[in-house]
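The structure is given below, and queries will be raised subsequently.
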Amino acid sequence: MTELTRAALGWSPYYMSQLEIEELETLTPARIATVHRDRVVGFSEIGTLELTLDA
């Protein structure tokens with residue numbers, strides 16, 4: 001996978017304005033790519049993320 005930027009993932013100043021400084025320091029913005037029954041897969045600047053959902 002090629003290196004992604006926030007802009008390439010659709011990030012805009014509008015989304016940035018909705019976050020607090022603390023959130024920007026601790027959270028990783030990601031674009032959800034696929035949704036499965038018990039997990040979602042997203043793309044971010046740090047790579048592919050796979051998140052498990054609670055039942």
Side-chain angles (χ1 to χ4, degrees):
M1 180 177 194
T2 61
E3 187 173 323
L4 294 173
T5 63
R6 287 184 184 176
L9 292 168
W11 189 262
S12 71
Y14 172 77
Y15 299 119
M16 183 74 77
S17 70
Q18 295 181 45
L19 299 173
E20 301 290 332
I21 295 297
E22 296 81 19
E23 293 172 312
L24 291 170
E25 293 172 348
T26 58
L27 301 176
T28 302
R31 169 148 315 230
I32 299 303
T34 59
V35 178
H36 306 279
R37 289 180 193 221
D38 62 345
R39 64 189 167 85
V40 296
V41 176
F43 298 137
S44 75
E45 290 179 307
I46 62 172
T48 302
L49 305 171
E50 188 168 317
L51 309 168
T52 303
L53 304 174
D54 291 336

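Model, not experiment: these values are computed from the prediction.
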*Just grab all the side chain to side chain donor-acceptor pair (under 3.5 Å) pairs involving residues 14-27, residues at least two apart or on different chains.*
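Of all non-adjacent pairs touching residues 14-27, those that pass side chain to side chain donor-acceptor pair (under 3.5 Å) are Tyr14-Gln18.
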*Is the number of heavy atoms from other residues, nucleotides or ligands within 6.0 Å of CG (Leu27) greater than 12?*
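Enclosed.
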If you look only at distance, which donor and acceptor atoms sit under 3.5 Å apart when one is on a side chain in residues 28-42 and the other is two or more places apart or in another chain?
unit_1, atom_1, unit_2, atom_2, d
Arg31, NE, Leu9, O, 2.6
Arg31, NH2, Leu9, O, 2.8
Thr34, OG1, His36, NE2, 3.2

_Once salt bridge (charged side-chain N to carboxylate O under 4.0 Å, His left out) is applied, what residue pairs with a partner in residues 8-19 remain, sequence neighbours excluded?_
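Sorted pair list comes back empty.
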_Hydrophobic cluster partners of Leu49 (side-chain heavy atoms under 4.5 Å)_ =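 For the cluster that includes Leu49, the remaining residues are Ile46.
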